[in-house]
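Inspection log for the structure reproduced underneath, given as structure tokens.
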Protein chains: 2
Amino acid sequence: MTKPRSRRGGGRPTIADVARKAGVGAITVSRALREPGRVSEDLRRQIQAAVDELGYVPDPNARALASARAEVFGVLVPSLTNNVFAEVVRGIYDSLSDSPFRIQIGNTHYSGLEEERLLQVFGSQRPAALIVAGIDQTPSARRLLENAGCPVVQVMETGPDPVDMMVGFSHLDGGRTAAEHLLQAGYRKIGFIGARMDPRSQRRLAGYRAAMDAAGLFDARLVTTTPVPSSVTLGRELFREALAKMPTLDGVFCNNDDIALGVLFECHRASIDVPKQIGIVGFNDLDMMQVSFPSITSVRTHRYEIGTRAVAMALSAIAGNRPEQRIVDLGFELMRRESTGR
Amino acid sequence: MTKPRSRRGGGRPTIADVARKAGVGAITVSRALREPGRVSEDLRRQIQAAVDELGYVPDPNARALASARAEVFGVLVPSLTNNVFAEVVRGIYDSLSDSPFRIQIGNTHYSGLEEERLLQVFGSQRPAALIVAGIDQTPSARRLLENAGCPVVQVMETGPDPVDMMVGFSHLDGGRTAAEHLLQAGYRKIGFIGARMDPRSQRRLAGYRAAMDAAGLFDARLVTTTPVPSSVTLGRELFREALAKMPTLDGVFCNNDDIALGVLFECHRASIDVPKQIGIVGFNDLDMMQVSFPSITSVRTHRYEIGTRAVAMALSAIAGNRPEQRIVDLGFELMRRESTGR
DNA sequence: GCCTGAGATGGTAGCGCTACCATTTGCATG
DNA sequence: CATGCAAATGGTAGCGCTACCATCTCAGGC
């Protein structure tokens, strides 16, 4: 009566059950599972047999409580449906699928406040690592990251002042490269069309502007943006708006590929010849860019690799290795296609 | 010396610190946080003040261990990048953002084995609820779901035999509706083009076949499928393959919208008139379908609502209410557009 | 004034695991 | 042959929280 056998636990086998069955101490079971090298092969086999027979699965909550460290990667992204972040997340998942680490994703909805709240929630679990999109955290979010007590990787962008580590590329350079390409292809009245306009889009715009300024061709009326979330439909609308403002437009650099596709469709509909009358450049290089008719020039970004690389860096830091590079620039690649082949 | 103050904890305030500061028992703090109604307003205020001052955040791991229940929703989807599942997941996130529940997503990669493994991992945490995509679990996965000891919602599809609850629609009816629409529009040599061909795609194919059989127009050479993951590029390739097999093809029902878009692009490229020479129907009705030129007829599915509804049902079950309906069919809607307007 | 019961609060005893510190053993060293 | 040391194993004491079961207070009924 003194031992009301598993009062709350629901009857699942515990480490003590395994230990009893294997005839060893509970600690040894724990060790056999976590650091097999430190347990003799004999016992290891015995313990494995007991684990298999009982169907024992360690309780991650108890483990986290006892070791003051959860085997969880916290991942913060601004959107779940944006293909760009989905690819990063996929890279993270694939890199972690054989590890004991679980993943917890937070959706910040592009909001600094929401990011702070999620960081608070994530932090309370003492995660093994944090991966966050972007480099423009609020001061308070930044403090939370600094005090998280675990490796932190900022992804998607590079910048001068990492919290801990960074993997990404320069959106400013990407934007400039896109605009310079249009310039070189002979376009002159080159517009910028952008939706959502998060900090990364802002920097692409800045890159576009730098190229246009250098060519002495910048005009504020060339820029058409909106904070509204991006979509193909919106691309079409923004393009019509841009054309209305500036009918002599002969090229557009789009914030992203959805917008670019919307522009292309509107050109079809309005019988505007691409690339003769209008040149189009997208950003990210989604699969469809190479198949569309005409195919669309785009700045290819390495989203999946950003995810895998971020995990590799975090894992290495968890293992106690200081990274050779704290800032990893994965770059981008301009994919020249029919849409700018004047 | 007997009490080495927070040896492992990392110095974060605990419930005991809050209790001390507020001059109450630890239990009362716990209650004030979880069931405010059961604590007098006076104490509640005092406790809140102590919580704020100390910056106390409850440890979810300790909570889960003590209560044998983690405030976690486990979500299992076959793909993270497929927009369809991303939308479902977004619905889940949005519905849960103001709740104490965290979300843990597992990516099964369309693999039953992987699904079993993840169910094992998720189950070990004693989640508050499980949401899984599809109804074709392996027997072993099904057993894990039945013994999970929490509400389970199968999403995306409806079927006769839920583990617990279901939210979705009939893919068979969706496929049949699409094919019947093409038939009614006057197309005769209607092909089916499908990538990935997961169980849901199989059922759409079955629906297509039922309609074609009923019209006496089915021919095995009309069907072109591949297990390869879907993409716009692949849509183009499969369409060329289909045309090569059956040059007199005058319509296609595509497995999904990416494939449909690939078909459309190839038609542009090969100067095949849509809808005159070829009618196209997609599935899911992504945003771009209504903007493309010509716009593409598609079967609209309510993905976001599937997510929100699944959460609502799970939450209600957690609260102890038996659901009125265990199986919720959210249906679909055929969006007639230019691509079938012969 | 006593009893009853509901509401508010607290103490104790774990939840299942691991950090920390023994203890034991075997074997090379002097 | 004592000594030292590493490798293997185990015991104890929590980790921070909540379930369970008191205890206490106070209103209302007799």
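Just so it is clear: chains get the letters A, B, ... in the order the sequence lines come, proteins before strands, and each one is counted from 1.
The separation between B:Arg34 atom CZ and D:dT18 atom P is 4 Å, rounded to whole Å. As rounded to whole Å, 15 Å separates atom C1' of C:dC17 from atom CD of B:Gln125. Atom P of nucleotide D:dT18 and atom CG of A:Leu65 are separated by 11 Å, given to the nearest angstrom. To the nearest angstrom, C1' of C:dT23 lies 14 Å from CD1 of A:Ile27. Computed from coordinates, the B:Leu33 CG to D:dA19 P distance equals 13 Å when rounded to whole Å. As rounded to whole Å, 8 Å separates atom P of C:dG16 from atom CZ of A:Arg12. As rounded to whole Å, 21 Å separates atom P of D:dC15 from atom CD of A:Glu71. Taking atom CZ of residue A:Arg126 and atom C1' of nucleotide D:dC15, one finds them 8 Å apart after rounding to whole Å.
Within the 4.0 angstrom heavy-atom criterion, base atoms lie near B:Arg31.
In this structure, B:Ser40 reaches the C:dT9 phosphate: one of its side-chain N or O atoms is under 4.0 Å from OP1 or OP2. Within the structure, a side-chain polar atom (N or O) of B:Arg63 is placed less than 4.0 Å from OP1 or OP2 of D:dT18. When the side-chain nitrogen and oxygen atoms of B:Thr28 are compared with OP1 and OP2 of C:dG10, one or more of them lie within a distance under 4.0 Å.
Where B:Asp59 and B:Arg38 each meet DNA chain D at their nearest nucleotide, the meeting point lying more 5' is that of B:Asp59. Along DNA chain C, the nucleotide closest to B:Gly37 and the one closest to A:Val29 are compared, and the more 5′ of them pairs with B:Gly37.
Residues from residues 43-55 of chain A placing a heavy atom under 4.0 Å of any atom in DNA chain D, listed by number, are A:Leu43.
Distances were taken from every side-chain heavy atom of A:Ala62 (C-beta onward) to each of C:dA19, C:dT9, C:dC17; the shortest belongs to C:dC17. Proximity note for A:Ala66 (side chain, C-beta onward) versus D:dG16, C:dG16, D:dA19: the nearest is C:dG16.
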Evaluate the criterion side chain to side chain donor-acceptor pair (under 3.5 Å) for residue pair B:Asp52 and B:Gln48; output intermediate values, then yes/no.
CA-CA 6 Å; B:Asp52 291 343; B:Gln48 191 53 52; 3.0 Å; yes
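Rounding to the nearest 0.5 angstrom, the gap separating the CG atom in A:Leu76 from the OG1 atom in A:Thr108 is 6.0 Å.
Under 4.0 Å is where a charged nitrogen must lie from a carboxylate oxygen, and between B:Glu87 and B:Arg90 at least one such pair does. A:Asp161 and A:Arg142 are joined by a salt bridge, as a carboxylate oxygen and a charged side-chain nitrogen come within less than 4.0 angstrom of each other.
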Review item, side-chain donor-acceptor pairs of residues 314-325 of chain A, under 3.5 Å, at least two apart:
none

Per-pair distances, 0.1 Å, donor-acceptor, side chain in residues 94-102 of chain A, under 3.5 Å, sequence neighbours excluded:
{"residue": "A:Asp94", "atom": "OD1", "partner": "B:His109", "partner atom": "NE2", "Å": "2.9"}
{"residue": "A:Asp94", "atom": "OD2", "partner": "A:Tyr304", "partner atom": "OH", "Å": "2.7"}
{"residue": "A:Ser95", "atom": "OG", "partner": "A:Gly91", "partner atom": "O", "Å": "2.9"}
{"residue": "A:Ser97", "atom": "OG", "partner": "A:Asp94", "partner atom": "O", "Å": "3.3"}
{"residue": "A:Ser99", "atom": "OG", "partner": "A:Leu96", "partner atom": "O", "Å": "2.9"}
{"residue": "A:Ser99", "atom": "OG", "partner": "A:Phe101", "partner atom": "N", "Å": "3.1"}
{"residue": "A:Arg102", "atom": "NH1", "partner": "B:Gln125", "partner atom": "OE1", "Å": "2.8"}

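Shown here for B:Arg69 and B:Cys150, the closest heavy-atom pair between the two residues is NH1-CB, 4.3 Å.
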